*Asks:* 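Structure provided below as structure tokens; questions to follow.
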Amino acid sequence: MKTKCPFTRLLKNNPVGSLLAFQNDPYKFFDEHRPADTTKPVSLNLGFRRFFFCYDPRHAQHVLQDHRHRYNKSSLVLKKIKALSGPQGLIQLNDKDALGVRQTSAKLMNTAGMDRLVRKVDGFVKEIFPVIDQAIEKKAAVDLVPHLTRIVLRTAGVFVLSHDLISESDKLNTAFVDLNRRAGESLRSLGKCPFSPGQRRSLKTIHSELDRIAEEALQEDAPSLLTAMEAKGEEKLFIRDQLKAFLFAGYDTTASSLIFATYLVAANELAQSKIALEARSMPSLTYENLKKSRFMQSAYKEALRLYPSAYFLPRESSQEDTLEGVKIPKGSQVFLSVRHIQRHPDYFDNPNEFVADRFCQELKHPFSFIPFGGGPRVCIGAALAKLEATLVLQKLCERYEMRPLHPAPPEIEALITAHTKAPLPIFFKRREKIAAVQS
Ligand code: HEM
């Protein structure tokens, strides 16, 4: 006899996963459910929802590109980050409404705009040098996390508001970190999370700071996302949501990738020498020349491969689909495990090792490397993130030799994005000359 109750039917046909396990440690959950053969997605019920966990680049291509019209961003996840990304922020918009905002921001990333950012970031990195030089004199290690985080927030401020957030950085950083944590924790629960007083406080800080800075910045009319949106005649609240969405999406992700990349490069003497050599042979510091630094670009991508800050991409099927012979009912949650896809042994030799020049060669599959997502909603800030991270690392390697205090890879905390858990103390030494580098 056919079971009538949809929940009974659902439970009968599908293994049940532990919601608590996902809640406690999503990173471990993805690890533990990875099948030996990743050809098919893993189907599980968590709570009353149907989930498909995907571990294969072919799944990513299917969901993000080939069958993209059958998948939207996951409403479950969008709900959890609504406060942070703004209800009308780009992240929350459907594909059609997103187009205008995407075009406005893409126009700002022209060569002139990127060269302006290169000069800014160059200035921000140089401000850390006295701190490092002092530490060298004292033979002490420097925890780079707060310095790198500040550089990223200041750069985001320049792009979004044409404003150096130096004086607001501590306040905004605390508010963003707090909201990120709360959103991450509520995401992990997959259940309802009340809008707490703490969350309201952090959100209020972000809103009041953004409104105040935006008012000042508009007087100066320098190029930024803010002035571009204002020139298009967009509504004030819509603009504020975009500013918030870009800061939220661009700040934490870039900072975290830069921190992981710095650790990996600091632990690899040869990579540092090669980066320094490439930096010293650059004819002038421009965006175009930075993009041509093949080794540096590869080393950063390799860090993003091993430690993708957006460690999973959540989607929801808007209509029924079939993925590698597995039926995906309408309304299912389809989560792509970016970290596993990027460490897939069929697509990467020695997948868990840092091989700095790995990306000097072609990829075996175009969707085996998706730290910025893929398809029509691919990250709009990828070029900016690469600019920042590669420039900061080049400047550090050009001037110093680095060695991490703790040789073991940093421990990871997976909330909405993946972070290092602890500080990142690094010993520095002034670089005299570049040691002979094997090709
Ligand atoms: C290493 C740094 C970064 C990583 C790993 C990253 C990752 C991603 C990923 C994976 C997505 C797609 C999410 C999805 O498809 O569900 C995304 C979207 C987005 N990113 Fe980034 N991102 C980074 C830096 C930035 C920066 C610097 C900005 C801002 C300038 C930015 C702004 C955005 C925005 C606004 C979206 C939403 C795009 C849309 O929905 O159309 N990101 N990012």
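For ligands, and for the atoms within them, numbers begin at 1 and follow the listed sequence. Note that the structure is predicted; figures quoted are calculated from it, not measured.
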*Asks:* Which ligand 1 atoms are under 4.0 Å away from a heavy-atom of A310?
*Replies:* 10 (C)
*Asks:* Residue-level breakdown please: for L64 versus ligand 1, do any non-hydrogen atoms fall below 4.0 Å on the side chain, on the backbone, on both, or on neither?
*Replies:* neither
*Asks:* Using a 4.0 Å heavy-atom cut-off, say whether S257 meets ligand 1 through its side chain, its backbone, both or neither.
*Replies:* side chain
*Asks:* Does the distance from a Lys or Arg side-chain N to an Asp or Glu carboxylate O, for K292 and E288, drop under 4.0 Å?
*Replies:* no
*Asks:* Given L78, T254, L90, which has its nearest heavy atom closest to atom 27 (C) of ligand 1?
*Replies:* T254
*Asks:* Hey, do the aromatic rings of F359 and Y300 have their centres closer than 6.0 Å?
*Replies:* no
*Asks:* Using heavy atoms and a 4.0 Å limit, tell me yes or no: is A245 in contact with ligand 1?
*Replies:* no
*Asks:* Using heavy-atom distances, let me know which of V378, T155, I380 sits nearest atom 35 (C) of ligand 1.
*Replies:* I380
*Asks:* Number the atoms of ligand 1 from 1 as they appear, then name those within less than 4.0 Å of a heavy atom of A385, with their elements.
*Replies:* 1 (C), 2 (C), 24 (C)
*Asks:* If you measure from each non-hydrogen atom of L384 to ligand 1, which part falls under 4.0 Å: side chain, backbone, both or neither?
*Replies:* side chain
*Asks:* Could you find the nearest protein heavy atom to atom 12 (C) of ligand 1 and give me its residue, atom name and distance?
*Replies:* R377 O, 3.7 Å
*Asks:* Name the closest protein heavy atom to atom 32 (C) of ligand 1, giving the residue it belongs to and the distance to 0.1 Å.
*Replies:* A249 CB, 3.6 Å
*Asks:* Can you report which non-hydrogen protein atom sits closest to atom 28 (C) of ligand 1, along with the distance?
*Replies:* G250 CA, 3.4 Å
*Asks:* Can you sort out which atoms of ligand 1 are near L313, meaning under 4.0 Å from one of its heavy atoms?
*Replies:* 10 (C), 13 (C), 14 (C), 15 (O), 16 (O)
*Asks:* Nearest protein heavy-atom contact for atom 40 (O) of ligand 1: which residue, which atom, what distance?
*Replies:* K73 NZ, 2.5 Å
*Asks:* Any carboxylate oxygen within less than 4.0 angstrom of a Lys/Arg side-chain nitrogen, looking at D122 and K126?
*Replies:* yes
*Asks:* When you look at CD of E215, are more than 12 heavy atoms from neighbouring residues, nucleotides or ligands closer to it than 6.0 Å?
*Replies:* no
*Asks:* Provide, to 0.1 Å, the distance between atom 6 (C) of ligand 1 and the closest protein heavy atom, together with that atom's residue and name.
*Replies:* F372 CD2, 3.7 Å
*Asks:* Specify whether F30 and F53 have parallel, tilted or perpendicular ring planes, treating 30° as the upper limit for parallel and 60° as the lower limit for perpendicular.
*Replies:* perpendicular
*Asks:* ring-ring contact (aromatic ring centres under 6.0 Å, His included) with Y311: which of F29, Y27, F335?
*Replies:* Y27
*Asks:* For Y300, which part has a heavy atom under 4.0 Å from ligand 1: side chain, backbone, both, or neither?
*Replies:* side chain
*Asks:* Check the surroundings of atom NZ in K236: do more than 12 heavy atoms from other residues, nucleotides or ligands lie under 6.0 Å from it?
*Replies:* no
*Asks:* Determine whether a donor-acceptor pair (N or O, by modelled atom type, separation under 3.5 Å) exists between the side chain of R49 and the backbone of G331.
*Replies:* no
*Asks:* Report yes or no: does T253 contribute a side-chain atom to a donor-acceptor pair with the main-chain N or O of A249 at less than 3.5 Å?
*Replies:* yes
*Asks:* Does at least one non-hydrogen atom of R315 fall below 4.0 angstrom from an atom of ligand 1?
*Replies:* yes
*Asks:* Quick one: which of S256, C379, S105 has a heavy atom closest to atom 21 (Fe) of ligand 1?
*Replies:* C379
*Asks:* Among all protein heavy atoms, pick the one closest to atom 7 (C) of ligand 1 and tell me residue, atom and distance.
*Replies:* P371 O, 3.5 Å
*Asks:* Select one of side chain, backbone, both or neither to describe which atoms of E388 lie under 4.0 Å from any atom of ligand 1, heavy atoms only.
*Replies:* neither
*Asks:* Short list, please: which atoms of ligand 1 are under 4.0 Å from a heavy atom of S309?
*Replies:* 5 (C)
*Asks:* What do the steps show when you test H340 against S337 for side chain to side chain donor-acceptor pair (under 3.5 Å), and what is the final call?
*Replies:* CA-CA 6 Å; H340 289 95; S337 178; 2.7 Å; yes
*Asks:* Is it the case that the side chains of T205 and S202 hold a donor-acceptor pair, with the cut-off being a distance below 3.5 Å and no angle test?
*Replies:* no
*Asks:* Measure the distance from atom 37 (C) of ligand 1 to every protein heavy atom, then report the residue, atom name and distance (to 0.1 Å) of the closest one.
*Replies:* I91 CG1, 3.7 Å
*Asks:* With a 4.5 Å heavy-atom cut-off, do Q61 and H365 have their side chains touching?
*Replies:* yes
*Asks:* Nearest protein heavy atom to atom 38 (C) of ligand 1, by residue and atom, and its distance?
*Replies:* R102 NH1, 3.5 Å
*Asks:* For the residue pair Y263 and Y307, is the inter-centroid distance of their aromatic rings smaller than 6.0 Å?
*Replies:* no
